[in-house]
Amino acid sequence: MCIFCKIAKGELPSNKVLEDDEFMAFHDINPIAPVHILIIPKVHVENFQSASSELMAKMTPFIQRVAKELCLDQTGYRLIANNGKDGGQEVPHLHFHLLGGARLKWTHLAKDDTHKSL
Ligand code: DGP
């Protein structure tokens, strides 16, 4: 079972922000922005490329709800899905990075820059 499946099942701890029957949002263990949340479906889906439109139709309002709970709908945010090897995806379970809390710089998207402060 993958790490995020274990988090979804409560077998690994996480700092949870929001949860419903199908989705979960929790703080990234290695934040690269003042607010860095990971949003996952509880069902195992490998990545965005293999996500169904039905899943995304339900996931979109959940992501919007998370942004609203954190007031990021007011200040703005960046939503990222790393997909596959060249996309820099390390955990093979669909997840969106919700980044905010600062004026984010586009240049920091390069992999070598991921640990620099934004
Ligand atoms: P990606 O490169 O898109 O696959 O990003 C995976 C992210 O998951 C990365 O920013 C670190 C985070 N991460 C990895 N393992 C854990 C964990 O056990 N708990 C939490 N909260 N985040 C994790």
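Counting starts at 1 for both ligands and their atoms, following the listed order. The first residue in the sequence is number 1, and the count goes up from there.
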Residues joined to L18 in its hydrophobic cluster, side chain to side chain under 4.5 Å directly or through other members, sorted by chain and number, are V17, F23, V35, I37, I39, V43, V45, F48, L55, M56, M59, F62, I63, V66, L70, L72, Y77, L79, L94, F96, L98
Between M24 and A8 the two heavy atoms that sit nearest each other are SD-CA, 3.6 Å
Smallest heavy-atom separation, I7 atom then P13 atom, equals CG1-O, 4.2 Å
Show the short N or O contacts, below 3.5 Å, that ligand 1 makes with protein N or O atoms; if there are none, say 'none'.
from     : atom 1 : to  : atom 2 : distance (Å)
ligand 1 : 2 (O)  : G88 : O      : 2.9
ligand 1 : 2 (O)  : E90 : N      : 3.3
ligand 1 : 3 (O)  : N82 : ND2    : 2.8
ligand 1 : 3 (O)  : H95 : NE2    : 2.8
ligand 1 : 3 (O)  : H97 : NE2    : 2.8
ligand 1 : 4 (O)  : E90 : N      : 2.6
ligand 1 : 4 (O)  : V91 : N      : 2.9
ligand 1 : 4 (O)  : H95 : NE2    : 3.0
ligand 1 : 5 (O)  : H95 : NE2    : 3.2
ligand 1 : 5 (O)  : H97 : NE2    : 3.3
ligand 1 : 10 (O) : D28 : OD1    : 3.2
ligand 1 : 10 (O) : D28 : OD2    : 2.5
ligand 1 : 21 (N) : H27 : O      : 2.9
ligand 1 : 21 (N) : I29 : N      : 3.4
ligand 1 : 22 (N) : I29 : N      : 3.2

Rounding to 0.5 Å, atoms NE2 (H93) and NZ (K42) come to a distance of 10.5 Å
Looking only at heavy atoms, the pair that brings P34 and G101 closest together is CG-O, 3.5 Å
Check your understanding: So do H44 and M1 actually touch side chain to side chain, heavy atoms under 4.5 Å?
Key -> no
